[in-house]
There are 2 protein chains.
Amino acid sequence: MPVSMTVDLVIFTIREQRLAVLLVRRGIPPYQGRWALPGGFVEDREDLEAAARRELAEETGVHAGSVHLEQLRTYGRPGRDPRGRVVTVAHLALAPDLPAPTAGSDAAHAAWIPVDEALGSKLAFDHHEILADGLERARSKLEYSPLGTAFCPATFTVNELRRVYEAVWGHEIDPRNFHRKVTRSTGFLVDTGERTNRDGGRPARLFRRGDVHLLHPPLLRGE
Amino acid sequence: MPVSMTVDLVIFTIREQRLAVLLVRRGIPPYQGRWALPGGFVEDREDLEAAARRELAEETGVHAGSVHLEQLRTYGRPGRDPRGRVVTVAHLALAPDLPAPTAGSDAAHAAWIPVDEALGSKLAFDHHEILADGLERARSKLEYSPLGTAFCPATFTVNELRRVYEAVWGHEIDPRNFHRKVTRSTGFLVDTGERTNRDGGRPARLFRRGDVHLLHPPLLRGE
DNA sequence: GTAATAGTGTCTTTGAGACATTATCTA
DNA sequence: TAGATAATGTCTCAAAGACACTATTAC
């Protein structure tokens, strides 16, 4: 009846216009040498989300709430860990492009891996299933919530936001229709009044995240 | 680090055109005398979903897959159970109107309580929060999936399905627009060719659930 | 000038919501 | 007959998708 509790993290970011996930290479059995999701044991008197935040900080060096974190799903199949009964509460994190992937202490073998590559390789434990569930959650989150902005820095252009959507959904989006939809969706984006030409071409407006939590209407992925 | 694992169940059904949840009255401390969600400990070598199905069968007498069951969320705040560290994996079940609420063994004090009543009363542990989360999940499930039919018997009329939506969403829906939307949504409903006049008036077609898992387009709750 | 991206507008189709109308049963 | 519900149609508005066009920068 007593079980060991862990938290595992599906941390997504966008690197070089591709969706990438943070994985760590296991140094010890079981599954030695395989890629795995970062995670660790829940401590005594520690809330699940606190444990996830702690692991997130350890692996990425990012503290505080600049990264979106939510509970994904709990995996407890007997035998999922050969060492005993271990139940893991998987969490999903969406982060902007972070400085260095190896900022943490014991994350010496951590790396950002493109998601399609990660899904094409053998991962430790049931992490393939967890990663697939996290990807599907992220994709639908972008439809109904403004969380695509969680992948962007504090200010960003519509072009940059669109490339987030394209990376997560895996297909191209018409820039003109996208521009119209996101800028007219009330509460999604806030115009800072500033401009940038870092994307080349005509200078683009810089936006901040708005304060809504749900998009009306949603931005359905057509395709 | 070792914790006790339980599963708790938010079991919804429609009774007398109202959304109701199955609650049990606690006979022992803590929270003696309070209403609580049904649930119990996960057994050794038992999968989480299997544990939830077992509890569901014990409480409702329903076996097999006539009831929709899915994982809702995991609650593990330290102190949520005064007896020690107990982490619970809450599940959501959607059931058609069942024969007797007290069919099970130790469910001698089980009852179907209208959801607004349940949310207005003090529940044991953090079950108020779990119930509220389950209600929100059920409401959004009806938008994007065909699971409204999980509340209906094997065959049902459009009228009966509409009353499910009205009970879950808590507001009236135009019968004519609803009829058009659900019957034209491909894969949602299958016409059995039979008719019934159990609702009075002109006989209505009887439908079965279709085989889609997602509705295109969704049936958004307008309000 | 060209090349690139930013931003707006236009057209067609689809669906949502409001609501009229006809159909088919029971009492 | 009246009264109920079933099923379809009509109208208007909003949004999606396709795509033309203008605007503003770098070179």
Side-chain angles (χ1 to χ4, degrees), chain A residues 17 140 142-144 146 148 152 155-166 169 171-208 212 214-223, chain B residues 17 140 142-144 146 148 152 155-166 169 171-208 212 214-223:
Chain A
Q17 313 211 352
S140 66
L142 260 58
E143 296 190 299
Y144 305 111
C152 299
T155 63
F156 50 89
T157 68
V158 172
N159 183 21
E160 288 157 3
L161 181 61
R162 178 173 53 82
R163 294 194 185 283
V164 166
Y165 274 79
E166 291 180 336
W169 285 349
H171 62 81
E172 297 200 340
I173 300 169
D174 185 285
R176 299 158 294 187
N177 292 334
F178 183 82
H179 189 283
R180 179 166 33 82
K181 285 205 275 194
V182 297
T183 53
R184 293 195 184 169
S185 179
T186 54
F188 192 1
L189 303 181
V190 178
D191 192 339
T192 63
E194 293 170 27
R195 289 166 185 276
T196 181
N197 62 350
R198 64 193 181 206
D199 296 333
R202 170 177 167 180
R205 280 190 237 270
L206 277 170
F207 293 90
R208 277 199 317 271
V212 292
L214 238 60
L215 298 183
H216 301 287
L219 264 167
L220 299 175
R221 40 183 155 163
E223 204 65 6
Chain B
Q17 314 213 348
S140 66
L142 260 58
E143 296 190 299
Y144 305 111
C152 299
T155 64
F156 51 88
T157 67
V158 172
N159 184 19
E160 289 158 2
L161 182 61
R162 178 174 51 83
R163 293 192 187 284
V164 166
Y165 274 79
E166 292 180 336
W169 285 350
H171 62 80
E172 297 199 339
I173 300 169
D174 185 286
R176 298 156 296 184
N177 292 334
F178 183 82
H179 189 284
R180 179 165 35 81
K181 284 203 274 192
V182 297
T183 54
R184 291 194 186 168
S185 179
T186 55
F188 192 1
L189 302 181
V190 178
D191 193 339
T192 64
E194 293 171 27
R195 288 163 187 277
T196 181
N197 61 352
R198 64 191 181 208
D199 295 335
R202 169 177 170 180
R205 279 191 238 271
L206 276 171
F207 294 90
R208 278 200 315 271
V212 292
L214 236 61
L215 298 183
H216 301 288
L219 264 167
L220 300 174
R221 41 184 153 159
E223 192 67 6

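Every value quoted in this text rests on a predicted model; they were computed, and no experiment measured them. Sequence lines set the chain letters: A, B, ... in the order given, protein chains first and strands last, and positions in each chain run from 1. Only heavy atoms go into these numbers, but all of them, side chains included; no hydrogens, no water, no symmetry mates.
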* For the rings on A/F156 and A/F207, is their centre-to-centre separation under 6.0 Å? -> no
* Round to the nearest Å and state the distance from A/D199 atom CG to C/dA3 atom P. => 20 Å
* To do: Taking ring-ring contact (aromatic ring centres under 6.0 Å, His included) as the test, write out the residues that go with A/Y144, two or more places apart.
  => B/Y144
* Structure fact -> When B/T183 and A/H216 are each assigned the nearest nucleotide of DNA chain D, the 5'-most assignment goes to B/T183
* Tell me: NE2 of A/H179 to P of D/dC19, nearest whole Å? -> 20 Å
* To do: Write down the distance between CD (A/E194) and P (D/dT24), rounded to a whole number of angstrom.
  => 19 Å
* Between C/dG15 (P) and B/E143 (CD): distance, integer Å -> 17 Å
* Structure fact -> In whole angstroms, the gap separating P of D/dT5 from CG of B/L161 amounts to 17 Å
* To do: Write down the distance between NZ (B/K181) and P (D/dG9), rounded to a whole number of angstrom.
  => 18 Å
* Asked: With sequence neighbours left out, what residues match A/F188 under ring-ring contact (aromatic ring centres under 6.0 Å, His included)?
  -> none
* Only counting residues at least two apart or in another chain, list the ones meeting side chain to side chain donor-acceptor pair (under 3.5 Å) with B/S185. => none
* Identify the heavy atoms of B/V212 and B/G187 that sit nearest to each other, and give their distance. => CG2-O, 3.4 Å
* Asked: Atom CZ of A/R198 and atom P of C/dT5: how far apart are they, to the nearest Å?
  -> 15 Å
* **d(CZ, B/F178; C1', D/dG9) in whole Å** => 19 Å
* On the 0 to 90° scale, with breaks at 30° and 60°, tag the A/W169-A/H171 ring pair as parallel, tilted or perpendicular. => parallel
* salt bridge (Lys or Arg N to Asp or Glu O under 4.0 Å) partners of residues 180-195 of chain A, not counting sequence neighbours, each pair once -> A/D191-A/R205
* To do: Could you tell me whether a side-chain N or O of B/D174 sits under 3.5 Å from a main-chain N or O of B/N177, the two making a donor and an acceptor?
  => yes
* Nearest-nucleotide 5' precedence on DNA chain C, B/P217 against A/P175 -> A/P175
* Where the side chain of A/R205 is concerned, which of C/dG17, C/dG7, D/dA16 is the nearest nucleotide? -> C/dG7
* Which residue, B/L220 or A/R184, contacts DNA chain C at a nucleotide closer to its 5' end, judged by nearest heavy atom? -> A/R184
* **Base versus backbone protein contacts along nucleotides 19-27 of chain C [heavy-atom cut-off under 4.0 Å; B, S, -]** => BB--BBBS-
* **Strand DNA chain D as a dot-bracket string - pairs counted if Watson-Crick or G-U with both distances under 3.5 Å, | where the partner lies in another strand** => |||||||||||||||||||||||||||
* To do: Indicate the atoms forming the closest heavy-atom contact of B/I173 with B/E166, along with that distance.
  => N-OE2, 3.0 Å
